[in-house]
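To start, the structure under review is shown below, and the notes come after it.
Just so you know, residue 1 is the first one in the sequence shown, and it goes up from there.
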Amino acid sequence: MTLYSTNNPQHTVNFKEAIFRGLPPDNGLYMPSIIPEMSADFWNTIGDRSFQENSYLIASAIQAGAIPDNDLKSIINEAMDFPVPVVRLDDNRSILELFHGPSLAFKDFGARYMARIMSYFNRGEDKTLNILVATSGDTGGAVAFGFHKVPGIRVVILYPSGKVSHLQEQQLTTLGHNVTAIEVDGTFDDCQAMVKKAFLDQDLTSAFRLSSANSINIARLIPQMFYYAEAYRQVRNWTNRDIVFAVPSGNYGNLTAG
């Protein structure tokens, strides 16, 4: 799998480099050079396979051999171990429930997958990998649970003071071990700006191994693709009409995955 910077298409890296760097040095975003199209046979037979099996086929196609098949299957089976039901409201409307993971947020999909991908690639490294993440609530909790006690990885979460719910703050601040939460006197945008500034600071990046767990990281986006296919798998049994997704988005990571 080859990825390029949106600010400089000539700057390319492999999948491992992209997930550990988080951001390219030119402050762009890493984008896959090729986004494969799943075959008609995949979509015609999608109902014959489980959520995990379909997710593996999608990940295998887009990651293009970056991780051996058996290891990739194990990662997906471990990360995607909770239900993804579509609840039918009426003949025209359904809701995809994405809150059945450990932190009760849709971001559990991306965080759990990325934690296991990073742990896979981090094997044998002597230097601790530091995950920096800005959150307005959901991301931090999902990342905290996803990376909790993962060997060789430390997580630092920046969250805006007074702007997350009590439950979310408890998720961020009570796990301990390798998870540290820092309360910032500012907004989410201030937290995100600090994270991006850290990645562009050459002195900092030379002293510490840094990576991001925000939706700017390609390893967060890929697993969020999976539940769109799962929604299609379930809804296609109810209707032959085209399916329209209405996607609530903040920073558009969810929408981008779709």
* **side chain to side chain contact (heavy atoms under 4.5 Å, CB included) against Ala61, all qualifying residues, sequence neighbours excluded** => Pro36, Met38
* Structure fact -> Those residues at least two apart in sequence (or on a different chain) that pass side chain to side chain contact (heavy atoms under 4.5 Å, CB included) with Asp126 are none
* To do: Please say whether more than 12 non-hydrogen atoms of neighbouring residues, nucleotides or ligands are located less than 6.0 Å from CG in Asp48.
  => yes
* Answer yes if the side chains of Asn77 and Ser74 hold a donor-acceptor pair under 3.5 Å, and no otherwise. => no
Which atom pairs, one a donor and one an acceptor, fall under 3.5 Å between side chains of residues 96-104 and the rest of the protein, sequence neighbours left out?
residue	atom	partner	partner atom	Å
Glu97	OE1	His100	NE2	2.8
Ser103	OG	Asp108	OD1	2.8
Ser103	OG	Asp108	OD2	3.1

* **Under the side-chain hydrogen bond (donor to acceptor under 3.5 Å, both in side chains) test, residues paired with Thr45 that sit two or more places apart** => Arg49
* Tell me, please, which residues at least two apart from Phe226 pass ring-ring contact (aromatic ring centres under 6.0 Å, His included). => Tyr113
* Asked: Rounded to the nearest 0.5 Å, what separation is found between the CG atom of Leu132 and the OG atom of Ser211?
  -> 8.5 Å
* To do: Report whether Leu200 and Leu158 are members of the same hydrophobic cluster (ILVMFWY, side-chain heavy atoms less than 4.5 Å apart, transitive linking).
  => no
* Scan side-chain atoms only and decide if Arg154 and Asn178 contain a donor-acceptor pair under the 3.5 Å cut-off. => no
* To do: Sort out for me which residue in Asn122, Asn130, Thr128 forms a side-chain hydrogen bond (donor to acceptor under 3.5 Å, both in side chains) with Arg209.
  => Asn122
* To do: Not counting sequence neighbours, which residues clear side chain to side chain contact (heavy atoms under 4.5 Å, CB included) with Ser161? List them please.
  => Glu183
* Asked: Mind checking whether Asp138 and Gln168 have side chains closer than 4.5 Å, heavy atoms only?
  -> yes
* Which atom of Gln52 lies closest to which atom of Met80, heavy atoms considered -> NE2-O, 2.7 Å
* Would you say Ile95 and Val84 are hydrophobically clustered, going by side-chain heavy atoms of ILVMFWY under 4.5 Å? -> no
* Asked: Taking C-beta and beyond as the side chain, do Met118 and Ile131 meet within less than 4.5 Å on heavy atoms?
  -> yes
* For Asn92, check side-chain hydrogen bond (donor to acceptor under 3.5 Å, both in side chains) against everything at least two apart and list the hits. => Arg241
* Asked: Counting heavy atoms not belonging to Lys127, are there more than 12 under 6.0 Å from its NZ?
  -> yes
Just distance, no hydrogens or angles: give the donor-acceptor pairs under 3.5 Å from side chains in residues 17-28, sequence neighbours left out.
residue	atom	partner	partner atom	Å
Glu17	OE1	Asn14	N	3.2
Arg21	NH1	His11	NE2	3.4
Arg21	NH1	Tyr30	OH	3.3
Asp26	OD1	Ser5	OG	2.7
Asp26	OD1	Gly28	N	3.0
Asp26	OD2	Ser5	OG	2.9

Under 3.5 Å, side-chain donor or acceptor atoms of residues 64-72 against the rest of the protein: list the pairs with distances, not counting sequence neighbours.
residue	atom	partner	partner atom	Å
Asp69	OD1	Tyr56	OH	3.3
Asp71	OD2	Tyr120	OH	3.3

* Considering residues at least two apart in sequence or located in another chain, which fulfil the side chain to side chain contact (heavy atoms under 4.5 Å, CB included) criterion with Leu175? -> Ala144, Phe145, His148
* Once you round to the nearest 0.5 Å, how far does CD1 of Ile75 lie from OG of Ser55? -> 13.0 Å
* **Whichever hydrophobic residues join Tyr4 through chains of side-chain contacts under 4.5 Å** => Met31, Ile35
* To do: Report yes if some heavy atom in the side chain of Phe245 is under 4.5 Å from a heavy atom in the side chain of Asn254; otherwise report no.
  => no
* Only counting residues at least two apart or in another chain, list the ones meeting ring-ring contact (aromatic ring centres under 6.0 Å, His included) with Phe147. => none
* Asked: In the single-linkage hydrophobic clustering (I, L, V, M, F, W, Y; side-chain heavy atoms under 4.5 Å), do Ile34 and Leu3 co-cluster?
  -> no
